[in-house]
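Structure first, then comments.
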Amino acid sequence: MTPTPLTGFIIHSRPYQEKRAIYQFFSYELGVVHGIGSRGLPLFAPICLLSSGKNSLKTFSQIHFGFDDEFCQTHLGQQASLPTLNIRAGRVQYAMLYMNEILYKLLAVENACPLLWQAYHQKICQFHHLDTLDKADELTRSELMQLLRVYLREFERALFVELGVAIDFGQDWSGNQIDDEAMYRFVPEMGFIPENSSAIALAKESAKAKVSQIRYSGLALSAMNQANDEPAYYLHHLEQFGQLQKELMDYLLEYRPLHSRTLWQQSMRYQTC
């Protein structure tokens, strides 16, 4: 069987035998691919490799860092790939680990998703840049935190689109336009439900999803619906975007904890001590 060239990033690894590891590789060509290769491949670094084998667990060989110039020009619109850099432990690294964790827990294996891959590559580049600025003390803590949250929310939305579960801020669960005067609750598998609707009681009986404890005004939802065209709306409602997207993410993860989220929360507590 002819080996398949893959271009992408390691998003998870675990030791296998003495000198090898089992990797989850997020590739442009085939999405997430599981394979065995030599130990020591880093996260967040651009990698090209060959994947071979008929089983679900492939063999990775001829591994090298960096993307080919032709790939960069064709798929990324740039002349050179992201350099291999060391990301220091901290909030930027935890944010990147979070992206990796939700990818390998939610994406189907060997299902190409080039648009999501491009969104991931863009965020990796942005996080590398943030880490450089943070090391040089060119950002305040509040500026860093805001940019981290913005980038993560943007990536979550790209993942939701890929999974077919994007939040519709323009209409409620029954297809009616959001009423600026009404208040709503969010249910991941249904959408926005008017607070006085009998559907709230039905949703609470569901064993799959939880009804939001937070009330959202129709006026705020209408503004959030315009966020793609008006970035100012997005920044103004960043906290609400974060809450809603967390509720949907938790539902998709079947309310299982995320290790990366724990690291993030621990770092936040440390900073406030």
Given side chains that start at C-beta, do those of [X] and [Y] come closer than 4.5 Å, heavy atoms only?
| X | Y | value |
| --- | --- | --- |
| Gln118 | Leu115 | yes |
| Lys105 | Leu253 | yes |
| Leu107 | Leu163 | yes |
| Glu70 | His75 | no |
| Asp68 | His64 | yes |
| Thr4 | Leu50 | no |
| Val33 | Phe26 | no |
| Arg185 | Glu195 | yes |

Could you go step by step and tell me if Thr7 and Glu29 meet the side chain to side chain donor-acceptor pair (under 3.5 Å) rule?
CA-CA 7 Å; Thr7 308; Glu29 296 83 1; 3.0 Å; yes
Distance alone, cut at 3.5 Å: any donor-acceptor contact between the side chains of [X] and [Y]?
| X | Y | result |
| --- | --- | --- |
| Ser13 | Gln24 | no |
| Tyr23 | His12 | no |
| His129 | Gln126 | no |
| Arg20 | Gln17 | yes |
| Glu156 | Tyr98 | yes |

So if you build clusters from Ile, Leu, Val, Met, Phe, Trp, Tyr with side-chain heavy-atom gaps below 4.5 Å, do [X] and [Y] land together?
| X | Y | value |
| --- | --- | --- |
| Leu106 | Val165 | yes |
| Leu43 | Tyr16 | no |
| Leu103 | Val161 | no |
| Ile63 | Leu57 | no |
| Ile47 | Tyr104 | yes |

Other residues, nucleotides, ligands: >12 heavy atoms within 6.0 Å of [X] [atom1]:
| X | atom1 | value |
| --- | --- | --- |
| Gln171 | CD | yes |
| His34 | NE2 | yes |
| Gln62 | CD | no |
| Arg256 | CZ | yes |

Residue that, paired with Phe186, satisfies ring pair (Phe, Tyr, Trp, His ring centres under 6.0 Å) out of Phe192, Tyr216, Phe169
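Answer after filtering Phe192, Tyr216, Phe169: Phe192.
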For [X] and [Y], work out which heavy atoms get closest and say how close.
| X | Y | answer |
| --- | --- | --- |
| Phe44 | His128 | O-NE2, 3.3 Å |
| Phe155 | Leu116 | CE1-CD1, 3.9 Å |
| Gly242 | Arg153 | CA-CD, 3.5 Å |
| Leu248 | Pro188 | CD1-CB, 4.0 Å |
| Asn225 | Gly170 | OD1-N, 3.6 Å |
| Pro42 | Ala45 | CG-CB, 3.9 Å |

So, taking the atom named [atom1] in [X] and the one named [atom2] in [Y], what distance separates them when rounded to the nearest 0.5 Å?
| X | Y | atom1 | atom2 | value |
| --- | --- | --- | --- | --- |
| Thr262 | Tyr94 | OG1 | OH | 11.5 Å |
| Leu244 | Met249 | CG | CE | 12.5 Å |
| Leu144 | Ser142 | CG | OG | 9.0 Å |
| Ile11 | Met99 | CD1 | CE | 10.5 Å |
| Leu263 | His259 | CG | NE2 | 4.0 Å |
| Ser51 | Leu30 | OG | CG | 7.5 Å |

Where do Glu247 and Gln243 land on the side chain to side chain donor-acceptor pair (under 3.5 Å) test, with the steps shown first?
CA-CA 6 Å; Glu247 291 179 20; Gln243 179 60 40; 2.9 Å; yes
For a side chain to side chain donor-acceptor pair (under 3.5 Å) with Glu154, tell me which candidate from Gln122, Arg149, Lys123 qualifies.
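Exactly one pass, corresponding to Lys123.
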Between Tyr120 and Phe9, is a ring pair (Phe, Tyr, Trp, His ring centres under 6.0 Å) present by the stated rule, with each step listed?
CA-CA 10 Å; Tyr120 178 85; Phe9 299 85; 5.3 Å; yes
Among Ile36, Leu49, Leu41, whose side-chain contact (heavy atoms from CB on, under 4.5 Å) with Phe60 holds?
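Of Ile36, Leu49, Leu41, side-chain contact (heavy atoms from CB on, under 4.5 Å) with Phe60 is met by Leu49 alone.
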Side-chain donor or acceptor of Glu143 paired with backbone N/O of Thr140 under 3.5 Å:
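Looks like yes, one N/O pair under 3.5 Å.
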Report yes or no: is the cationic atom of Arg157 (NZ for Lys, CZ for Arg) closer than 6.0 Å to the six-membered ring centre of Phe241, at no more than 45° off its axis?
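Pair Arg157/Phe241 counts as cation-pi.
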Under the 6.0 Å and 45° cation-pi test, does Lys210 pair with Tyr251?
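Cation-pi check for Lys210 and Tyr251: fails.
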Checking ring pair (Phe, Tyr, Trp, His ring centres under 6.0 Å) for the pair Phe71/Tyr28: CA distance, chi angles, key distance, verdict?
CA-CA 10 Å; Phe71 177 88; Tyr28 177 87; 5.4 Å; yes
Does Arg261 pair with Asp250 as a salt bridge, N-O distance under 4.0 Å?
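The answer is yes: the pair qualifies as a salt bridge.
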Hey, can you tell me if Phe67 and Trp117 have their rings parallel, tilted or perpendicular (30° and 60° cut-offs)?
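Answer is tilted, since the angle falls between 30° and 60°.
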Using links of under 4.5 Å between side-chain heavy atoms of ILVMFWY residues, direct or through other members, which residues join Val187 in one cluster?
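Val187 shares its hydrophobic cluster with Trp173, Met190, Ile193, Ile200, Val211.
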